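Per chain, numbering begins at 1; letters A, B, ... match sequence-line order. Note that the structure is predicted; figures quoted are calculated from it, not measured.
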Amino acid sequence: MSLVDSPPAGPPVSSARATARLLGSELRLVFGRVRNIVLLVGLAAVPLLIGTVLFVTQDTPVAGQGPPFLDRVTGNGVFLVFAALVSCLPFLLPLCVSIVSGDAVAGEASAGTLRYLLVVPVPRTRLLLVKAVAALAYAAAAVTAIAGVGLVAGAAFFGVGDVVLLSGDTIPLAEGMLRTLGVVGYVVASLTGLVAVGLFLSTLTEVPVAAMAATVVVAIVSGVLDALPQLSAIHPALLTHHWLDFGEFLRLEVDASTLFAGLAVQAAWVAVFGALAWSRFTTADVSS
Amino acid sequence: MSGAEGDAGDAEGAGDAEGAAVRTRGLTKRFRSGQVGVDGVDLLVPRGAVYGFLGPNGSGKTTTIRMLLGLVSPTAGSVELLGTAMPGGGAEVLPRVGALVEGPAFHPYLSGEANLRRLDAADPTSAPGSRTRRIGAALERVGLTAAAGKRYRQYSLGMKQRLGLAAALLRPRDLLLLDEPTNGLDPQGTREVRALVREVADAGATVLVSSHLLSEIEQVCSHVGIMSRGTLLAQGPREEIADEGTTEVRVMTRPDQRAHAVRVLSGLGLDGARADGEVVAAPLGSVAVEKVAQAVVGDGIDLLGLEVRRPTLEDVFVRLTGEGFDVAR
Ligand SMILES: Nc1ncnc2c1ncn2[C@@H]1O[C@H](COP(=O)(O)OP(=O)(O)OP(=O)(O)O)[C@@H](O)[C@H]1O
Ligand SMILES: [Mg+2]
């Protein structure tokens, strides 16, 4: 059998096709990994847990007691989505996003698979892009899981109906669903900055746990700084400052400028840490 | 040896590096620690050669291979693979290069086959249509078909090594860079790797095999390069390198005649004749071996056996590197 005379395995495909093919493989890797599935299931259990507690105790919290939206859940199951998102945003969601984005490059480096991907060859920029998109897809899946399970559990426990907005106005359920979609989209977009931070930290080390932990710390420190009134000058630029602004979707007149401010901050974090990750990853020696 | 040796020898003899499969000039890597891992290496691997890249632990073999593949950027010097400058030409040339670098590495929770699928999917130049067939063939080739569906973490050391070789053979390659391919393999597996290297070379591909166990690869090499402490001490066709050692003549005779035989050999002008265990040995130098036989027999010594021992690569290796068991740094 000749190795040299046999025809090449196939014609080169376009860069976009090659990226799409690699992305498919990467998504299978991320979503096929037991750890990541367990984390998703754990997140999805949060709305179920909240709903069950409220249903079993038959105790409607007084307005202002507990996390936002919790007092409205028993009246309209749709609000379970928002209550669950508020509960997960400070810690659980950043944790899961940090684990997957921190693992993205460092995990391959520590397993040694990074060097074999690079000699395939996969261009480093393409690999980083695919890693980023897959981590973001995981973040989107996490938020969607919370919202989806929240909606189903809320409907099952408490029923759904026309949505009473924060202003007291009522909108039809269909429009309420649209606004819920907006909330999901905004929360996913709010996590892009953290994905970029995680990806950058992931290019710095061959120890995935270190990158994951450092990313969680960034999110938590951001939350701590956000709570210090003395630092109010820098609050608007903090990674987590605008995360809860998704409540804007539940006003009669959605204030786009508030939402855009949050998205702009995320875009800035993505730009800065994406550039850092790129410059680091495309020049670093792979000696793992 | 393989038929490729002749061409390779010619190519080098003519001083023609155009056809080189691997060519480096002044390749140097200084680590951030300040240590110089590879120091001014001018590697020349002719096309079609099986190049044994030898050196003790820590001599810089793996670092050199990493630089060949563009994983590590050289502090100084240049690299050409199959006539293409690296790392700039990586996208173009690396699909034709199969590599095993510092042992196999795969995702532990994926099966061997799923791991190969991932690597193949990552390759923009591979055809998805033939993927299953090519993966099956590669697994078959390294004798891993039965374990294809097993998780990588459940593989034995030798099975992991085999999967690494399968990945390097996923597509037809013009150049294989194999870093310690026999590490962890049983004797049977080691023989199979040698057979595989021969087969690949017979098909016209070039193979660079690194090892610190030269006995494992010596038999398949047409060329060798010997590294020590980051520098390339010698390289060239294997015979030429080995000839730098000394050929010995060994005379077997009765115990009571050994002293006599030493005197006869010394009389022939063979300096350094000595009784070496059960035989009398001397460096042959320019004396013809039949002269030795005639002299011994003519002097009334019972000649029970006569052997000409050519220098082995190991002799040269030990003489050049001069290193004991401890790593040099
Ligand atoms: N990333 C690194 N940072 C600092 N020093 C390094 C690094 N990688 C290798 N070295 C050093 O460079 C030298 C050469 O290492 P290399 O791995 O190339 O040796 P080798 O010839 O492959 O050895 P072995 O036969 O044990 O595999 C060693 O002294 C090693 O300590
Ligand atoms: Mg090595």
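The side-chain heavy atoms of A/V195 and A/V270, taken from C-beta on, include no pair separated by under 4.5 Å. The shortest distance between side-chain heavy atoms of A/V119 and B/L71 falls below 4.5 Å. Looking at heavy atoms from C-beta onward, B/Y152 lies in side-chain contact with B/K160 at the 4.5 angstrom threshold. When side chains are defined from C-beta on, B/L169 counts as touching B/L176, because their heavy atoms get closer than 4.5 Å.
Using a 4.5 Å cut-off between heavy atoms, B/L100 contacts chain A through both its backbone and its side chain. For B/R96, no part lies under 4.5 angstrom from a heavy atom of chain A. The contact between B/R118 and chain A is made by backbone and side chain atoms together, counting heavy-atom distances below 4.5 Å. The contact between B/D120 and chain A is made entirely by backbone atoms, counting heavy-atom distances below 4.5 Å.
Remark: B/K150 fails to qualify as a cation-pi partner of B/Y155 under the 6.0 Å distance and 45° angle criteria applied to the six-membered ring.
Of the listed residues A/L23, A/V286, A/V122, A/T283, the one with more heavy-atom pairs under 4.5 angstrom with chain B than any other is A/V286. Taking chain A as the reference chain and counting heavy-atom pairs below 4.5 Å, the highest number among B/T63, B/V101, B/L119 is found for B/V101. Counting heavy-atom pairs under 4.5 Å between each of B/A114, B/P108, B/A167, B/S73 and chain A puts B/S73 at the top. Counting heavy-atom pairs closer than 4.5 Å to chain A, the top-ranked of the candidates B/G103, B/A168, B/G90 is B/G103. Between chain A and the residues B/R66, B/E102, B/R131, the largest count of heavy-atom pairs under 4.5 Å involves B/R66.
A donor-acceptor pair shorter than 3.5 Å cannot be found between the side chains of A/E206 and A/S110. Neither side chain, A/D103 nor A/S202, offers a donor N or O lying under 3.5 Å from an acceptor on the other.
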For this session: Take A/V183 and A/V81, measure what side chain to side chain contact (heavy atoms under 4.5 Å, CB included) needs, and give me the verdict at the end.
Result: CA-CA 9 Å; A/V183 168; A/V81 173; 5.7 Å; no
Exercise. How far apart are the C-alpha atoms of A/T240 and A/L89, what are their side-chain angles, what is the distance that settles it, and do they pass the side chain to side chain contact (heavy atoms under 4.5 Å, CB included) test?
Worked result: CA-CA 9 Å; A/T240 57; A/L89 264 175; over 6 Å; no
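Using a 4.5 Å cut-off between non-hydrogen atoms, the part of residues 125-143 of chain A that approaches chain B consists of A/R126, A/K131. Contact residues of residues 24-50 of chain A toward chain B are A/S25, A/E26, A/L29, A/R33 (heavy-atom distance under 4.5 Å).
Between A/W269 and A/F273, the ring planes lie parallel to each other; the angle is under 30°, not in the 30° to 60° tilted range.
Between B/E192 and B/R162, at least one side-chain N (NZ, or NE/NH1/NH2) sits under 4.0 Å from a carboxylate O, which counts as a salt bridge.
When every heavy atom of B/S126 is checked against every heavy atom of B/R171, the shortest pair comes out as N-NH1, 4.1 Å.
Environment of CZ in B/R117: crowded, with over 12 heavy atoms of neighbouring residues, nucleotides or ligands closer than 6.0 Å.
Distance CD/B/Q161 to OG/B/S156: 10.5 Å, rounded to 0.5 Å.
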